[in-house]
Asker: 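The structure is given below, and queries will be raised subsequently.
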2 protein chains.
Amino acid sequence: MPESTAKKPSRIQQRNRRVILDAALEVFSKHGYRGATLDQIAAEAGLSKPNILYYFNGKEDIHVTLLSQLMETWLDPLVELDPDGDPRREILDYVERKLTMSRELPRESRLFANEILQGAPRIEPELHRHLKPLFDEKCAVIAGWVSEGKLPPLDPQHLIFSIWATTQHYADFEAQAQVLLGPETDPRPRAQAHLQAMFGALLDLPAQ
Amino acid sequence: MPESTAKKPSRIQQRNRRVILDAALEVFSKHGYRGATLDQIAAEAGLSKPNILYYFNGKEDIHVTLLSQLMETWLDPLVELDPDGDPRREILDYVERKLTMSRELPRESRLFANEILQGAPRIEPELHRHLKPLFDEKCAVIAGWVSEGKLPPLDPQHLIFSIWATTQHYADFEAQAQVLLGPETDPRPRAQAHLQAMFGALLDLPAQ
DNA sequence: TTGTTTTTTTACCATTTGGTAAATCCACGA
DNA sequence: TCGTGGATTTACCAAATGGTAAAAAAACAA
């Protein structure tokens, strides 16, 4: 049995844990935590249900492992925001990276959205441990740019919220966008132009 | 039995249907469709489960009824956007109304968010019937303002998406905001200032 | 090969959940 | 007061679901 007092995980263990987590991502992101079933995950992974429970201690264990493991990837675009770069460029590039991520990792976006919507019952600790420090750090960076006069006076916290909201919207509310725009084309190219214009206008505001 | 070939619903029927729908809003918005149980709804409503099924044909019936009934309220702020008003004022007022709504009707916001996240399986028809025509109509209004030179060139569809995303964010992702800002204060006053500045900047852009 | 450990399957189980049948209760008009 | 139809409860049920025990199979070290 794979124990917490672990030695090295075997090749089979590594592969199967990866397969299970990928299947779980597919299922959890589509149905939410309570809507997802171990049978669905098992089917998606091509394994039997008891076999899945051989690798994880239960449904919640899979979910928490998945979220924790994806947290880093998820925060990566924000990590890259460089305090020494050009403020306007840095923020607009961040918007672009987040929008790209919503196209390339929509399942991850919906997974997080689902969890937060339910009140973040299972990853609140992770949010405090990873998201909060990074958020505070980057808010301070932006606040610094503002006080140096490199940016117009703006609210760093709510600026970041707006970036998250507008970019993740295209993954989380894809079903709505497909009704309104048609299912054929990816709205993101035009979204990119719009968001660059919008955040660009905000960042170009005259200083106070 | 209350039939679809209905006469007039009795006073008791009216009251209990309202009580049930309010309980269902509470439970569905908190746990999503599949995460909510009839027992929870029954407990919240102060009725027995069979009694609830006396008023509705099943779980899905409650959910669909709830969504359909709230659709009008939900779209109301956009309906109010006046083609004959001042473009800039109309749009900024719409932002404010949506933000107010996210404070006063957060459960409704999360209910819709949950449904859309799962791919809108149960209200897609309603979206086509009510949301889409209104969306198209108001996009045309904004596009008209742009072509009249009353607004800078902007993308009406993605402008509306941005307004939805940024305002509903404060209801849908409240758990995250509470981790990042602290649970004490309502972030919306500062959000209001930020959003007015952001959309104001976009709308004030020089014409092409 | 043989013995041992890891992996997988088979056969279950208890609980939860959406839903139903039928009996009972109750409001109210004649 | 009594009867009638609407409202509510009691007692269920079948299916789904998270999870377990133990045997079987596969992998691997000697």
Side-chain angles (χ1 to χ4, degrees), chain A residues 1-24 26-28 30-67 114 118 121-122, chain B residues 1-28 30-67 114-115 118 121-122:
Chain A
M1 195 199 303
E3 277 297 330
S4 52
T5 59
K7 331 181 176 187
K8 36 199 152 180
S10 75
R11 206 142 302 148
I12 293 179
Q13 271 186 46
Q14 280 183 291
R15 175 175 53 81
N16 279 351
R17 279 184 69 99
R18 236 187 329 109
V19 166
I20 291 168
L21 287 175
D22 190 67
E26 184 70 26
V27 177
F28 279 133
K30 204 177 285 174
H31 303 289
Y33 178 74
R34 298 184 69 174
T37 71
L38 287 179
D39 290 290
Q40 287 174 298
I41 296 172
E44 184 78 28
L47 298 172
S48 68
K49 181 165 64 174
N51 201 6
I52 280 186
L53 292 168
Y54 171 74
Y55 289 102
F56 290 91
N57 289 323
K59 187 182 180 183
E60 183 160 341
D61 184 28
I62 300 178
H63 194 247
V64 170
T65 302
L66 190 56
L67 284 164
N114 259 310
Q118 318 295 317
R122 281 168 293 275
Chain B
M1 195 199 303
E3 276 298 330
S4 50
T5 59
K7 333 180 173 190
K8 36 198 153 181
S10 76
R11 205 139 306 147
I12 293 180
Q13 271 185 47
Q14 280 185 289
R15 175 175 54 82
N16 279 351
R17 278 183 69 98
R18 239 188 327 110
V19 166
I20 292 168
L21 287 175
D22 190 67
L25 171 59
E26 183 71 25
V27 176
F28 278 134
K30 205 177 285 176
H31 303 290
Y33 178 75
R34 299 185 68 175
T37 71
L38 287 179
D39 291 289
Q40 287 174 299
I41 296 173
E44 183 79 28
L47 298 172
S48 68
K49 183 166 63 174
N51 201 7
I52 281 186
L53 291 167
Y54 172 73
Y55 289 102
F56 290 91
N57 290 323
K59 187 182 179 182
E60 183 160 340
D61 184 28
I62 300 177
H63 194 247
V64 171
T65 302
L66 189 56
L67 283 165
N114 259 309
E115 173 69 8
Q118 319 295 316
R122 281 169 292 276

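Order of the sequence lines fixes the chain letters, A, B, ..., with proteins taken first and strands second; residue numbering starts at 1 for each chain. All values below were derived from every heavy atom in this structure, side-chain atoms included, with hydrogens, water molecules and symmetry-related copies excluded.
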Asker: With a non-hydrogen cut-off below 4.0 angstrom, is B:Leu38 in contact with a base, only sugar-phosphate, or nothing?
Answerer: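 Answer is sugar-phosphate: B:Leu38 comes under 4.0 Å of backbone atoms only.
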Asker: Would you say B:Asn51 reaches D:dA7's phosphate, i.e. side-chain N/O to OP1/OP2 under 4.0 Å?
Answerer: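 False: B:Asn51 side-chain N/O out of range (4.0 Å or more) of D:dA7 OP1/OP2.
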Asker: Would you say B:Asn16 places a side-chain N or O within less than 4.0 Å of OP1 or OP2 belonging to D:dT8?
Answerer: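 Indeed, a polar side-chain atom of B:Asn16 lies that close.
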Asker: OP1, OP2 of D:dT9 versus side-chain N and O of B:Ser48: anything below 4.0 Å?
Answerer: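 Yes, such a contact exists.
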Asker: Please work out which of the three classes, parallel, tilted or perpendicular, describes the rings of A:Tyr33 and A:Phe28, given edges at 30° and 60°.
Answerer: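 If you compare the ring of A:Phe28 with that of A:Tyr33, the planes turn out parallel.
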Asker: Whole-Å distance between D:dT8 C1' and B:Arg15 CZ?
Answerer: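 Between C1' of D:dT8 and CZ of B:Arg15: 12 Å.
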Asker: So if I take every side-chain heavy atom of B:Thr37 and compare against D:dT17, D:dT8, C:dG18, which nucleotide ends up nearest?
Answerer: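 Nearest to the side chain of B:Thr37 among the choices is C:dG18.
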Asker: Please determine, for the side chain of A:Pro50, which listed nucleotide (C:dT7, C:dA11, D:dT10) has the closest atom?
Answerer: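 For A:Pro50, the side-chain atoms sit closest to C:dA11.
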Asker: Please state how far atom CD1 in A:Ile12 lies from atom C1' in D:dA25, giving the value in whole angstrom units.
Answerer: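 Result: 12 Å.
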Asker: Between the side chains of A:Glu60 and A:Arg122, is the shortest nitrogen-to-carboxylate-oxygen separation below 4.0 Å, so that they form an ion pair?
Answerer: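 No.
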Asker: If I take atom NZ in residue A:Lys49 and atom P in nucleotide C:dA11, what distance separates them, rounded to the nearest angstrom?
Answerer: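 It works out to 15 Å between those atoms.
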Asker: Below the 4.0 Å mark, does C:dT7 have OP1 or OP2 next to a side-chain nitrogen or oxygen of A:Gln13?
Answerer: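 For C:dT7, OP1/OP2 do have a side-chain N/O of A:Gln13 under 4.0 Å.
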Asker: Closest to the B:Leu53 side chain: C:dG19, D:dG18, C:dA11?
Answerer: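 Of the candidates, C:dG19 comes closest.
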Asker: Can you tell me how far P of C:dT7 sits from CD of A:Gln14, to the nearest Å?
Answerer: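 Atom-to-atom, A:Gln14 to C:dT7, this comes out as 11 Å.
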Asker: When only distance counts, do a donor and an acceptor, one from the side chain of A:Lys59 and one from the base of D:dG19, lie under 3.5 Å apart?
Answerer: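 Flag unset: no donor-acceptor pair detected.
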Asker: For A:Gln40 and D:dT17, give me the distance from atom CD to atom P, rounded to whole Å.
Answerer: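 It is 7 Å, rounded to the nearest whole Å.
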Asker: I need the minimum non-hydrogen distance between B:Ile62 and B:Leu21, along with the two atoms involved.
Answerer: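 Taking every non-hydrogen atom into account, O-CD2, 4.0 Å.
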Asker: Using a cut-off of less than 4.0 Å, is there contact between a side-chain N or O of B:Tyr54 and OP1 or OP2 of C:dG19?
Answerer: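 No, B:Tyr54 has no side-chain N/O under 4.0 Å of OP1/OP2 on C:dG19.
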Asker: What contact category does A:Ala36 fall into here, base, sugar-phosphate, or nothing, at under 4.0 angstrom with non-hydrogen atoms?
Answerer: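 Touches sugar-phosphate only.
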Asker: Indicate the atoms forming the closest heavy-atom contact of B:Ala23 with B:Ile41, along with that distance.
Answerer: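 In this case the closest contact between B:Ala23 and B:Ile41 is CB-O, 3.6 Å.
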Asker: When you get a sec, tell me which of D:dT17, C:dT7, C:dG18 is the closest nucleotide to the side chain of A:Asp39?
Answerer: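 Nearest to the side-chain atoms of A:Asp39, counting from C-beta on, is D:dT17.
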